[in-house]
There are 2 protein chains.
Amino acid sequence: MTDTPPRTRIQQRNRETILGAALEVFSQHGFRGATLDQIAQAAGLSKPNLLYYFPSKEAMHEALLAGLMDTWLAPLRALDPGGEPLDEILGYVHRKLLLSRDFPRESRLFANEILQGAERIRPTLEGELKTLVDQTAAVISGWAREGRIAPVDPYHLIFSIWALTQHYADFDVQVRAVLGPGKDDPFDGADRYLATLFSRLLTP
Amino acid sequence: MTDTPPRTRIQQRNRETILGAALEVFSQHGFRGATLDQIAQAAGLSKPNLLYYFPSKEAMHEALLAGLMDTWLAPLRALDPGGEPLDEILGYVHRKLLLSRDFPRESRLFANEILQGAERIRPTLEGELKTLVDQTAAVISGWAREGRIAPVDPYHLIFSIWALTQHYADFDVQVRAVLGPGKDDPFDGADRYLATLFSRLLTP
DNA sequence: CGTGCCCCTGACCGTTTGGTCAAATGTTTT
DNA sequence: AAAACATTTGACCAAACGGTCAGGGGCACG
């Protein structure tokens, strides 16, 4: 909708550099807590130069959120209604956890946004996201009705998958503080634990 | 440690008013995003008056966090190593969920803090919290070894309880956006769902 | 080799920020 | 009622904020 086609190579490169730096800063401090100077320094560019590529601080934030929703919803879209129920759900959990591991900054950006009222993305939540969840919930309910998985509230099932997987990205600091240093990656342990958890929950 | 004994009634009243307003603002915008003017307006006091009771914006934030940790850890401390394992854990889940329902602002304040690096409370996480979790994990491991609950990684079990219960406070906007309006309270559904989830996970 | 366009920057602007201070107003004590 | 103390505030400040702008470099293409 608000697509800005990159005319030259250098434009594309700098836009990406700026968005990368903005992601770093926004995800750590939230929108209001982030400053253009921080982003400029992280990007290695001057502040006026940022504003040559983006009309405002808010435009950078919007660009990030817009690009994020697709990535974020992809694993849920990939859930196959024709597949084996338990495999599909466990696969979704696994993919979502990988997303948290590989894109923690995106996860925190999203968390910051929701936490602070989600005023910039509430329409998307109530529209696109709700629709997708409703569809998936119907599929899961169908599986339960057919006895292929144990009966569960499909909405809370989805919420629990989000909560559990995103926790390891958003609360990474706390997880590592509690586990202590040196141990192997929290995500490995989480992967096994979550597979067990949802298997026991859903096996009829 | 940094206790400031309230000398007069009016001091105590105003301190509480200010902390309440600060909680409201900090939990919505994060530390850097919150302004003294916002807090002053929410408290119905003038900005210099705030700084008569607290030396700085940061002091208000610290006072809130200090008061928060006790409340937050109380349900975990209340877990009885001598009790019936499943009841104890389900009880803990229930108490933690009630905390999320009744103190969502506190939950979001904490979430904001962790999300943004937890620099102000990392010592507490690595000290007091880690110690308490280590003890509880040992208790749970003991229960599992005795065959009184199914074998699980106790640390990830605790993380999952935190993630699931706090999700309903921190991501409240998203939960309600997806569920749509009118339905009954998300916390009621969550309470039943979480009881089922952890029963199926832990029953040997 | 110059002309035109895209890229970049130092200097600057108005506003908001956290915080200070002297003075005014309450309140308590004697 | 006056002295002593606690509370409150308008005016103010330096720094940081998001954003603007005129102009200077660099690069492509004739």
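Lettering of chains follows the sequences in order, A, B, ..., and the numbering in each one begins at 1.
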- Item | Separation of atom CE in B:Met60 from atom P in C:dT17, rounded to whole Å | 14 Å
- Parallel, tilted or perpendicular: which describes the rings of A:Phe26 and A:Phe31, with under 30° parallel and over 60° perpendicular? parallel
- Indicate yes or no: does A:Lys130 engage A:Asp134 in a salt bridge with an N to O separation below 4.0 Å. yes
- What integer distance in Å separates B:Lys57:NZ from C:dT17:C1'? 8 Å
- Item | Closest to side chain of A:Pro48, choosing from C:dA11, D:dG19, C:dG19 | C:dA11
- Would you kindly give the CD1-to-C1' distance between B:Ile39 and C:dG18, to the nearest whole Å? 11 Å
- Item | A:Pro75 backbone acceptor or donor facing A:Arg95 side chain under 3.5 Å | yes
- Item | Rounded distance in Å - CD (B:Gln12) to C1' (D:dA6) | 16 Å
- Item | A:Arg32 CZ to D:dG18 P, straight-line distance once rounded to whole Å | 11 Å
- Query: Quick one: which of C:dT20, C:dT17, D:dC21 gets closest to the side chain of B:Asp37?
  - Reply: C:dT17
- Rounded distance (Å) that lies between atom P of D:dC13 and atom CG of B:Leu51: 18 Å
- Message: Output the rounded distance in Å from CZ (B:Phe54) to C1' (C:dG18).
- Response: 16 Å
- For salt bridge (Lys or Arg N to Asp or Glu O under 4.0 Å), just list the numbers for A:Glu119 and A:Arg32, CA-CA rounded to whole Å, side-chain angles, deciding distance to a tenth of an Å, and then say yes or no. CA-CA 13 Å; A:Glu119 285 180 33; A:Arg32 292 199 52 184; over 6 Å; no
- Query: In whole angstrom, what separates B:Leu36's CG from D:dC13's P?
  - Reply: 19 Å
- Message: Would you call the rings of A:Phe171 and A:His167 parallel, tilted or perpendicular, taking 30° and 60° as the class edges?
- Response: parallel
- Message: Could you check whether A:Tyr168 and B:His156 have their ring centres less than 6.0 Å apart?
- Response: yes
- Task: Looking at every strand, decide which applies to A:Ala34 at a 4.0 Å heavy-atom threshold: base, sugar-phosphate, or nothing.
- Result: sugar-phosphate
Short N/O separations, protein against nucleotides 6-8 of chain C, under 3.5 angstrom:
{"residue": "C:dC7", "atom": "OP1", "partner": "A:Thr8", "partner atom": "OG1", "Å": "2.8"}
{"residue": "C:dC7", "atom": "OP2", "partner": "A:Gln11", "partner atom": "NE2", "Å": "2.8"}
{"residue": "C:dC7", "atom": "OP2", "partner": "A:Tyr52", "partner atom": "OH", "Å": "3.1"}
{"residue": "C:dC8", "atom": "OP1", "partner": "A:Asn14", "partner atom": "ND2", "Å": "3.4"}
{"residue": "C:dC8", "atom": "OP2", "partner": "A:Asn14", "partner atom": "ND2", "Å": "2.8"}
{"residue": "C:dC8", "atom": "OP2", "partner": "A:Tyr53", "partner atom": "OH", "Å": "2.4"}
{"residue": "C:dC8", "atom": "O5'", "partner": "A:Asn49", "partner atom": "ND2", "Å": "3.3"}

- So is B:Arg15 actually on top of B:Phe54's ring, under 6.0 Å and inside 45° of the axis? yes
